[in-house]
Amino acid sequence: MIQFFRVSKAFGANTALGDINLRIRKGEFVFITGPSGAGKTTLLRLIFGAEQPTEGQILINGINLNTISSTKLDLLRRKIGFVFQDFKLLARKTVAQNVAIALEVTGERRAIIRKKTHQMLRAVGLEVKEQSYPLQLSGGEQQRVAIARAMIGDPLILLADEPTGNLDPDITREIMILFRSINLKGTTVVIATHNRELLRNTEQRIIALNKGKIVHQ
């Protein structure tokens with residue numbers, strides 16, 4: 001599903017990732033961990049196609065990101081959900097509008113957008129908050145909206161960058177249960193985190209980065 005072949009990424013003189021070889025199978029649930037600055041976010045952005053590698057090859061679902069056209073890359077991204085660290089919700093749009101926007105950009109019919117938006121918000125336990133605005137929600141609720149938005153396009157891959165960084169332990173457990181339920185339906189889930197509590201008792205695969213290098217996988 002996700003393959004890196006000797007991938008490096010540099011930003012000017014700074015090497016964010018160096019000589020990465022990696023394979024994540026379809027349907028896996030994987031944690032990417034490491035200290036701040038280890039390269040976790042850069043790795044996710046390379047998977048998403050938001051960054052291009054300086055060296056090496058990246059294959060997503062058999063498609064080489066180095067040679068794909070920009071049009072086909074846009075289509076591929078629609079099958080990759082991304083839950084951002086800071087949620088990136090639009091403050092002047094309702095919860096329902098924030099989730100629906102992910103389908104509106106694809107040109108989907110309004111009736112289908114309304115139906116799927118309601119289904120996704122019900123799935124994350126927020127159907128009663130459809131007409132609320134992000135600033136009226138708790139941090140955990142905002143995170144669930146971000147997850148619903150990432151999932152509404154039925155992605156093959158779900159990426160999450162420090163999704164529990166600002167949440168208390170009880171809400172963190174709820175969010176992780178939600179990610180696991182998404183994974184059990186067949187979605188490949190890749191979560192970047194430095195939260196050691198999440199990793200302490202997990203049965204999921206852990207890939208550790210340090211200074212842009214994989215030190216364990």
Side-chain angles (χ1 to χ4, degrees), residues 1-9 16-34 39-85 88 99-108 112-113 116 119-120 123-124 146-163 176 178-193 202-209 212 214 216-217:
M1 175 61 72
I2 301 170
Q3 294 174 282
F4 279 48
F5 299 96
R6 306 204 67 175
V7 169
S8 296
K9 178 62 180 179
L17 291 172
D19 202 26
I20 299 293
N21 290 292
L22 174 65
R23 182 177 182 182
I24 297 174
R25 296 183 300 274
K26 182 178 181 181
E28 269 200 283
F29 189 123
V30 176
F31 286 107
I32 309 291
T33 190
K40 301 185 298 294
T41 297
T42 299
L43 185 64
L44 293 188
R45 288 177 59 80
L46 285 167
I47 294 171
F48 188 61
E51 300 284 354
Q52 292 293 315
T54 306
E55 296 179 6
Q57 304 287 317
I58 300 173
L59 271 63
I60 304 296
N61 202 28
I63 298 171
N64 191 324
L65 297 191
N66 294 49
T67 59
I68 192 173
S69 69
S70 58
T71 300
K72 290 184 178 179
L73 178 59
D74 287 341
L75 292 174
L76 178 62
R77 280 181 182 161
R78 293 178 187 178
K79 288 300 180 182
I80 304 175
F82 204 130
V83 181
F84 298 93
Q85 186 173 357
K88 294 193 184 299
V99 175
I101 197 169
L103 279 186
E104 290 172 349
V105 298
T106 71
E108 185 59 87
I112 292 177
I113 292 174
K116 292 199 73 173
Q119 288 174 339
M120 285 308 310
V124 299
I147 293 169
R149 181 184 57 196
M151 287 301 299
I152 196 170
D154 299 317
L156 299 172
I157 300 168
L158 180 63
L159 308 174
D161 190 6
E162 299 285 2
M176 294 313 300
L178 179 56
F179 279 125
R180 184 58 179 149
S181 68
I182 290 166
N183 173 247
L184 289 173
K185 293 177 182 177
T187 301
T188 303
V189 175
V190 183
I191 296 177
T193 183
T202 185
E203 297 177 355
Q204 312 305 330
R205 181 180 170 199
I206 298 172
I207 298 171
L209 291 171
I214 292 179
H216 172 80
Q217 65 173 308

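Everything quoted here is computed from the prediction, not taken from an experiment. Because only heavy atoms are used, hydrogens play no part in the values below, and waters and symmetry mates are left out as well, while side chains stay in.
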- Query: How about I182 and I147: do any of their side-chain heavy atoms sit closer than 4.5 Å?
  - Reply: yes

- Applied to residues 149-158, the salt bridge (charged side-chain N to carboxylate O under 4.0 Å, His left out) test, sequence neighbours excluded, yields K116-D154

- Task: Decide yes or no for V189 and Q204: does some side-chain heavy atom of the first lie under 4.5 Å from some side-chain heavy atom of the second?
- Result: no

- Message: Whether the side chain of R6 engages the backbone of Q57 through a donor-acceptor N/O pair (distance < 3.5 Å, no angle test) should be reported.
- Response: no

- Message: Could you report the tightest heavy-atom contact between A123 and L178, atom names first, then the distance?
- Response: O-CD1, 4.2 Å

- Query: Can you name the residues that form a ring-ring contact (aromatic ring centres under 6.0 Å, His included) with F179, not counting sequence neighbours?
  - Reply: none

- Approximate separation, where rounding is to 0.5 Å, of I80 CD1 and T187 OG1: 12.0 Å

- Message: So, taking the atom named CG in L73 and the one named CD in Q52, what distance separates them when rounded to the nearest 0.5 Å?
- Response: 7.0 Å

- side-chain contact (heavy atoms from CB on, under 4.5 Å) evaluation trace for L76 with L65: CA-CA 10 Å; L76 178 62; L65 297 191; 3.5 Å; yes

- Task: Look up atom CD1 in I58 and atom CZ in F5, then write down how far apart they are to the nearest 0.5 Å.
- Result: 10.5 Å

- Query: Do any N or O atoms from the side chain of R78 and from the backbone of G153 form a donor-acceptor pair under 3.5 angstrom?
  - Reply: no

- Message: Strictly distance-based, threshold 3.5 Å: is any side-chain N or O of K40 a donor or acceptor partner for the main-chain N or O of G34?
- Response: yes

- Message: I need the T188 OG1 to F29 CZ distance, nearest 0.5 Å.
- Response: 11.5 Å

- Item | Which atom of S8 lies closest to which atom of G18, heavy atoms considered | OG-CA, 3.5 Å

- Return the minimal non-hydrogen interatomic distance between T106 and L103, and the atom names on each side. OG1-O, 2.6 Å

- Task: Measure the shortest side-chain to side-chain distance between D161 and L159 over non-hydrogen atoms and say whether it is less than 4.5 angstrom.
- Result: no

- Item | Heavy-atom neighbours of R180 CZ exceed 12 at 6.0 Å | yes

- Between CD1 on residue I2 and CZ on residue R23, distance to nearest 0.5 Å: 11.5 Å

- Query: Got a donor-acceptor contact below 3.5 angstrom from the D19 side chain to the V7 backbone?
  - Reply: no

- Identify the heavy atoms of P155 and G81 that sit nearest to each other, and give their distance. CB-N, 3.5 Å

- Message: side-chain contact (heavy atoms from CB on, under 4.5 Å) for E51 and K9? Distances and angles first, verdict last.
- Response: CA-CA 9 Å; E51 300 284 354; K9 178 62 180 179; 3.7 Å; yes

- Consider only side-chain N and O atoms of R205 and Q217, and report whether a donor and an acceptor are under 3.5 Å apart. yes

- Query: Should L209 and I20 count as side-chain neighbours, where that means a heavy-atom distance under 4.5 Å?
  - Reply: yes

- Closest non-hydrogen atom pair, I113 against A100: CG2-CB, 3.5 Å

- Query: Is any side-chain heavy atom of R45 less than 4.5 Å from a side-chain heavy atom of T42?
  - Reply: no

- To the nearest 0.5 angstrom, please state how far the OG1 atom of T33 sits from the CD1 atom of I191. 11.5 Å

- Item | Closest approach of A150 to V83 (non-hydrogen atoms, all atoms of both residues) | CB-CG2, 3.8 Å

- Query: Taking C-beta and beyond as the side chain, do I47 and F4 meet within less than 4.5 Å on heavy atoms?
  - Reply: yes

- Query: Below 4.5 Å, heavy atoms only, C-beta onward: do I214 and N21 meet side chain to side chain?
  - Reply: no

